[in-house]
Each structure stands twice: as C-alpha cells, then as structure tokens.
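Just so we're clear, the structure is a prediction, and the values are computed from it rather than from any experiment. We're numbering straight along the sequence, starting at 1.
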Amino acid sequence: MTDTQSMTTQELVRRTLLDEHGDFLKEAVAIVAAQLMDAEVTAQIGAGHGEVCADRVTHRNGYRPRGWETRVGEVELQIPKKRSGSYFPSFLEPRRRCEQAIVAVVMEAYVNGVSTRKVDRLVEQLGIHGMTKDRVSALCRALDDQVQVFRDRPLEGAHPYLWLDAKVVKVRDRGHVYPKALVIAYSVHETGRREVIGLDIGEIETEAYWVMFLRGLRERGLTGVRLCVSDEHLGLKNAIARVLGCPWQRCTVHFVRDMLRHCRPAQRGMVSAALREIFNADSHQGARDRCGEVIQRLQGPAPKVAGLLEAAEEDLLAFYRFPAPHWSKLRSTNPLERVNREIGRRADVVGIFPNDQSAIRLAGALLIEQNDEWLVSRRYLSEESLALVLGDHDVDEEVVPAKPIAA
C-alpha cells in the first residue's frame, strides 16, 4: 500500500491544500474515484474494511497503481486487489466517458448544494452501481474536508490589505427559509499575492458577528493589516476598529451608486462626474480640496448627497495615504467582483440551500480554485511597494510620489 493510499482523507486534503501548487479539482476527482472503487469492491466482496460478515466471498489484497489521463491532468489511481478473482473499475471500461461522470458528480455537489439524493440519482443514471446514500454522504464529507482544511489553515506572514465582502443567500433552517450572510475575506500577502483567507456564514451582519469573524482570522495568524476595504456597514466598521485597529476604506464604487439613489435622474450624470473628480485626484490634499468644492457645488441641487459626502469624506479618502500604484486597487472592492459574480451565479442556480454547510461547500470549492490561480499567477502588488506599507513610518502623499490614476 502506498503512502497516499494509507493516508486518511483528512490528511490527504491537508497535504494538498498546504502545497502551493495543489490542484483542487484534480484531487477532488482522485478522492471521488477512490470512493467509487471502494464501493464497487465492497459490493463484490460482500463486506467492508474489517467487517465480519457471513456473506463475504474473499478479502482485499492491497492495491496496484495505474495512471488515468483526464481533462484535469493525470490522476494516479490505487486500484484495490482481491485475494481471489480480479477487480477492474467500471469507470475505466473502454468507451465509457466516466471521467466526465465523476467530474459531473463533483460539479453536481457544487451547484446543487450537495443534496445526497440528487447526487445518488445522478450516479445511478451514469451506470455506476454500488453507491448507497451513505456512500454519497461520504463523498460529500470528503469535499467538506477539503473546504474545512482550507478555511482553518494557519495564516503566515503579514497581510497589509484586507477586503471584506458579504453576499446574502437563502438557507433552509428549522423548517423555514432565512436570509443569511455568506462572508468572505480576501487579502494581499506581504509577497504581493492575493489570497482568500476567510469564509463563513452568519445569521445576520451584526457587529457581534463581525467581531467574532475577525477574531477568528486573528487567531489563525492574521497580522500586519494596514487598511481594510469594504462596503458601508456600521457594525463592520466598529468591529474593524475594535479587532484590527486599522483605517477603514469605504468602497467608492458602491458609494457613488448609493448617491445616485439620492438625486433625480436628470442629476445623476452631474453627481457621478463630480464624485469621480475626487477619486481621481493626484494627492490626498488634492482630493480633500476637490471634495470641499464638490460639497459646495452640490449643496443647492443635491443637498442630501452633499451631506452624505461630507460625513463620509475621511473613509472615502483613506486609500490616498498609501502608495500611489496601489490606489486603483484600494479605493473599491471591484477587484473581487469577478469572483463574487461567480459565487452569485452558482448560488442563484441553487436558489435555496438545504443547510449552512451546503452554502459553505459551494463557495469554498470555488474559492479554493480561485486561490490556487492567484498563487501561481503574477503578483498583484510588488514586494518593493508593499515594503513601504509595512515599514515603521506612515505612508502618505509626502512619502510616496503621487501619480494620476485613470478612472
């Protein structure tokens, strides 16, 4: 028996996720294939591992390795052997496109919140037999292991920039359907690479919940946060001050959208252009000066917008105190919109999640793949510019030369 085969699922998942070049989908296919083979051998032998059964016809006799070429890369299978008779996995039979079937099973788990009944039905339709509901539940637990290890992994090094985002999903709980907040934390590591560092689901977005979530990140090793970026939420803002003690940057894109709701349709073009002037200034002081001018201009035609802008000025301009090359990435949560849209698209397909764990499973699977892409792609920010942020002095426009940023 090889070392990989002797590992528990939890150990295999942990090793995969700690490997910088780990391939989540490939490992998921390998885990599902191993579960399928074990189910088929159990059915042929008439007993499970170590089970005493009068119907047993033979015993297991180790494993033999076999490479399996799939669309997600070569998977190293460990095919079980029997003391008498032979065993060959049904999904390796000629002309059977079962690699697609196994991937489809995994994707079914993602897209449908892993209803064991749905996955069980899909497996039967694919002609793969020996899969009981208990076995389908075991497959789901294997995927849950991957997501849980990812969520609980220790955080190393400094994470100077942190983005927090929450999406409302519908979850069935205690016989009713409730809206819950699916909370995700992204960061830029001191090496300049982006990471997904947190995922959770909460009843509502209260300050108490955000405090608990941020403390969980701190306990896992989150340090060195210099700026936290998110949409406007009073409870979140207070939690950031209490737990992280760092400045907060309110998303400027969401702010502009919110302000357009406080003016007449004919005024929206004028208000949007005026606000963009502020966020495209070439220095912190220049932005403050423009902000004052815009507030004066809007007091007559759009007094509500002028008042809200004045109250939010400090939070909207916090990004100007950091290196100019970082400004376009810090002034909003837009760099995360593609990932958030993908999660939203899958969540919309599900509609109502059967429980909290199914929502975590779907989002976690997608975020693991996204995190792997970020680990091997080019750096999001340079280490040299991040060294200025992590230094002892405060970074502002007097330390870092200011450069105009395109809208």
Within this structure, what is the [atom1]-[atom2] distance for the pair [X] and [Y], rounded to the nearest 0.5 Å?
X      : Y      : atom1 : atom2 : value
Ser332 : Trp327 : OG    : CH2   : 15.0 Å
Asp289 : Glu277 : CG    : CD    : 12.5 Å
Ser187 : Tyr380 : OG    : OH    : 11.5 Å
Arg226 : Leu386 : CZ    : CG    : 11.0 Å
Asp200 : Trp210 : CG    : CH2   : 9.5 Å
His159 : His189 : NE2   : NE2   : 4.5 Å

Do the side chains of [Y] and [X] get nearer than 4.5 Å, heavy atoms only?
X      : Y      : answer
Val225 : Leu222 : yes
Val171 : Ile352 : no
Thr333 : Val253 : no
Gln146 : Ile31  : yes
Arg250 : Asp258 : yes
Val229 : Leu162 : no
Met37  : Pro89  : yes
Leu199 : Phe150 : no

Grab the two heavy atoms, one from [X] and one from [Y], that are nearest each other, plus how far apart they are.
X      : Y      : value
Thr252 : Leu316 : CG2-O, 3.9 Å
Ala318 : Leu227 : CB-CD1, 4.2 Å
Pro323 : Val389 : CD-CG2, 3.5 Å
Ala47  : Cys53  : CB-CB, 3.9 Å
Arg268 : Leu260 : NE-O, 3.1 Å
Asp231 : Leu236 : O-CD2, 4.3 Å

(request) Hey, can you tell me if Tyr320 and His284 have their rings parallel, tilted or perpendicular (30° and 60° cut-offs)? (result)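 Taking His284 first and then Tyr320, their aromatic rings lie parallel (interplane angle under 30°).
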
Listing, residues 237-248 side-chain donor-acceptor contacts under 3.5 Å, not counting sequence neighbours, or none:
residue	atom	partner	partner atom	Å
Lys237	NZ	Asp315	OD2	2.8
Asn238	ND2	Glu207	OE1	3.4
Asn238	ND2	Leu234	O	3.4
Arg242	NH1	Glu207	OE2	3.2
Trp248	NE1	Ser230	OG	2.8

Carboxylate-amine/guanidinium contact [X] [Y], below 4.0 Å:
X      : Y      : result
Glu373 : Arg194 : no
Asp38  : Arg60  : yes
Arg379 : Glu383 : yes

(message) Are Phe322 and Tyr161 an aromatic pair, judged by ring center distance below 6.0 Å?
(response)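 That pair passes the under 6.0 Å test.
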
(message) Cys263 vs Lys304, test: side-chain contact (heavy atoms from CB on, under 4.5 Å). Steps then yes/no.
(response) CA-CA 8 Å; Cys263 58; Lys304 180 70 172 180; over 6 Å; no

Could you check whether any side-chain N or O of [X] sits under 3.5 Å from a backbone N or O of [Y], counting only pairs where one atom can act as donor and the other as acceptor?
X      : Y      : value
Arg220 : Gly198 : no
Glu190 : Ala158 : yes
Gln267 : Arg264 : yes
Glu310 : Ile295 : no

Can a side-chain donor-acceptor contact be found between [Y] and [X] if the only test is distance below 3.5 angstrom?
X      : Y      : value
Ser272 : Arg276 : yes
Ser84  : Thr58  : yes
Asn340 : Asp165 : yes
Tyr87  : Asn61  : no

(message) Other residues, nucleotides and ligands only: do more than 12 of their heavy atoms fall within 6.0 Å of CD on Glu156?
(response)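 Check fails, neighbour count at 12 or below.
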
(request) Please say which of Arg172, Lys170, Lys180 ends up in a salt bridge (Lys or Arg N to Asp or Glu O under 4.0 Å) with Asp356. (result)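 So, applying the salt bridge (Lys or Arg N to Asp or Glu O under 4.0 Å) to Asp356 and each of Arg172, Lys170, Lys180, only Lys180 qualifies.
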
(request) Could you please spell out the steps behind the side-chain contact (heavy atoms from CB on, under 4.5 Å) verdict for His326 and Ser385? (result) CA-CA 8 Å; His326 300 181; Ser385 63; 2.7 Å; yes

(message) Determine whether Ile184 and Tyr186 satisfy the following criterion, side-chain contact (heavy atoms from CB on, under 4.5 Å), listing intermediate values before the conclusion.
(response) CA-CA 7 Å; Ile184 307 168; Tyr186 307 83; 3.4 Å; yes

(message) Check whether Phe255 forms a cation-pi arrangement with Arg257 (NZ or CZ under 6.0 Å from the six-membered ring centre, at most 45° off the ring normal).
(response)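 Checked: cation-pi criterion not met.
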
(request) List the steps, then state whether side-chain contact (heavy atoms from CB on, under 4.5 Å) holds for Leu164 with Leu214. (result) CA-CA 10 Å; Leu164 297 172; Leu214 294 176; 3.9 Å; yes

